[in-house]
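Quick caveat: nothing in here was measured; it's all calculated off a predicted structure. Only this structure's heavy atoms are used, side chains among them; waters, hydrogens and symmetry mates stay out. This chain uses plain numbering: 1 for the first residue, then up along the sequence.
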Amino acid sequence: IVGRWLLSAKIQISSGFSRLSTVMWVFGYGSLLWKVDFPYKDKKMGYIEGFTRRFWQASHDHRGIPEKPGRVVTLVPSTDPKEKLWGMAYEIAEENVEDVSKHLDFREKNGYQSFSVQFTPKDDQAKFNLKIYIATEDNFAFLGPAKSEEIAAQIYESVGPSGKNTEYLFELANSVRNLFPHTADDHLFELERLVKHMCSASCTTS
């Protein structure tokens, strides 16, 4: 089932990405910006259009637990169809396509689906379609919007098998700030500010 708000977006379920494909590119916009735990052949900085990053997805398996889930990012359609969502595209070598696909399917199993979306490289090379994982509004772990203070408190309090939810937030904010300094991500940086205030001197922010 695809989220209703994706029906009008320029996106397709990535059934076309066969495990036997000789070429695969994967787009990272969340933890894949700073935690790339698979082999890749090349990477390109660039953007997709019409989406915005939001901490609207629960994490029961990485940055929280079922009884106390954390919050991680997914993408939702922007009110501006031309809005640029910057991220990193990774090219997977032919011999690694099957293993990396299986690895990412497992890593993103908590409500994410794979789709195909058009990617524009920063260096103005030709656009191409790539694979992206998005948690749509009708998945079991979708939390949706909330007040920034409520989201920040949930992030501050959550810990899971992959570590503190605060680490996820701070690593993502640092990655976006350093990789895409021209990008304004008010949602992300407001949460970073609120959580850092909660952490005070007792919380690691690096």
Nearest non-hydrogen partners of T183 and F189, listed with the distance | O-CE1, 4.2 Å

When clusters are formed by joining ILVMFWY residues with side-chain heavy atoms under 4.5 Å apart, either directly or through shared neighbours, do V159 and I155 land in the same one?
-> no

Could you pull out the closest heavy-atom pair between L172 and Y29, with the gap in Å?
-> CD1-O, 3.7 Å

Verify the ring-centre separation between F119 and W25: is it less than 6.0 angstrom?
-> no

Got a second to check how far L169's CG is from E192's CD, nearest 0.5 Å?
-> 6.0 Å

Side chains of F38 and Y90 in contact at under 4.5 Å (non-hydrogen atoms) = yes

Just list the side-chain donor-acceptor pairs under 3.5 Å for residues 62-72, sequence neighbours left out, or say none.
from	atom 1	to	atom 2	distance (Å)
H62	ND1	S162	OG	2.8
H62	NE2	R107	O	3.1
R63	NH1	S162	O	3.2
R63	NH1	K164	O	2.9
R63	NH1	E167	OE1	2.6
R63	NH2	E167	OE1	3.4
R71	NE	Q154	OE1	3.0
R71	NH1	F55	O	2.7
R71	NH1	G144	O	3.0

Taking a hydrophobic cluster as the set of Ile, Leu, Val, Met, Phe, Trp and Tyr residues connected by side-chain heavy atoms closer than 4.5 Å, whether directly or through intermediates, do I151 and L143 fall within one such cluster?
-> no

Separation of M24 CE from K41 NZ (nearest 0.5 Å) | 13.0 Å

Distance-only polar pair, side chains of D80 and S78, donor-acceptor under 3.5 Å | no

Y168 (side chain) donor-acceptor with V73 (main chain) under 3.5 angstrom = yes

Specify the closest pair of heavy atoms between S175 and L33, including all atoms of both residues, with the distance to one decimal.
-> CB-CB, 4.1 Å

How far does CG of N96 sit from NZ of K102, to the nearest 0.5 angstrom?
-> 12.5 Å

Atom of V117, atom of I48 and distance for their closest heavy-atom approach | CG1-CG2, 4.0 Å

Backbone of D185 reached by a side-chain donor or acceptor of R53 within 3.5 Å = no

Identify the two heavy atoms, one from F27 and one from I132, that lie closest to each other, and give their separation to 0.1 Å.
-> CD2-CD1, 3.6 Å

Could you tell me whether the side chain of F180 reaches within less than 4.5 Å of the side chain of M45, counting heavy atoms only?
-> yes

P39 side chain reached by V100 side chain, heavy atoms, under 4.5 Å | yes

For the pair Q57 (side chain) and N110 (backbone), establish whether a donor and an acceptor sit closer than 3.5 Å, ignoring hydrogens and angles.
-> yes

Residues forming a side-chain hydrogen bond (donor to acceptor under 3.5 Å, both in side chains) with K147, sequence neighbours excluded = none

Under the side-chain hydrogen bond (donor to acceptor under 3.5 Å, both in side chains) rule, collect the residues that match up with E150, sequence neighbours excluded.
-> none

Is the count of non-hydrogen atoms from other residues, nucleotides or ligands lying under 6.0 Å from F106 atom CZ greater than 12?
-> no

Would you please test L179 and M88 for side chain to side chain contact (heavy atoms under 4.5 Å, CB included) and show each step?
-> CA-CA 9 Å; L179 292 171; M88 195 72 72; 4.1 Å; yes

ring-ring contact (aromatic ring centres under 6.0 Å, His included) filter on H197, not counting sequence neighbours, yields none

Mind checking side-chain hydrogen bond (donor to acceptor under 3.5 Å, both in side chains) for Y133 and listing every partner two or more places apart, or none if nothing turns up?
-> D105, K131

Does some side-chain heavy atom of E91 sit less than 4.5 Å from a side-chain heavy atom of Y40?
-> no

Just how far is it from atom NE2 of H103 to atom CD of E98, taken to the nearest 0.5 Å?
-> 14.5 Å

Quick one: list whatever passes side-chain hydrogen bond (donor to acceptor under 3.5 Å, both in side chains) with K44, sequence neighbours left out.
-> Q125

Output the distance between atom CZ (F170) and atom CG (L191), rounded to the nearest 0.5 Å.
-> 10.0 Å

So, do C199 and T166 sit near enough that their side-chain heavy atoms are less than 4.5 Å apart?
-> yes

Can you check whether E171's main-chain N or O pairs, donor with acceptor, with N174's side chain at less than 3.5 Å?
-> no

Pairwise distance CD(E149) to CE(M198) - rounded to 0.5 angstrom = 7.5 Å

What closest approach, in Å, do A152 and L194 show between heavy atoms, and which atom pair accounts for it?
-> CB-CB, 3.7 Å

Heavy-atom side-chain proximity of T136 to Q113 below 4.5 angstrom = yes

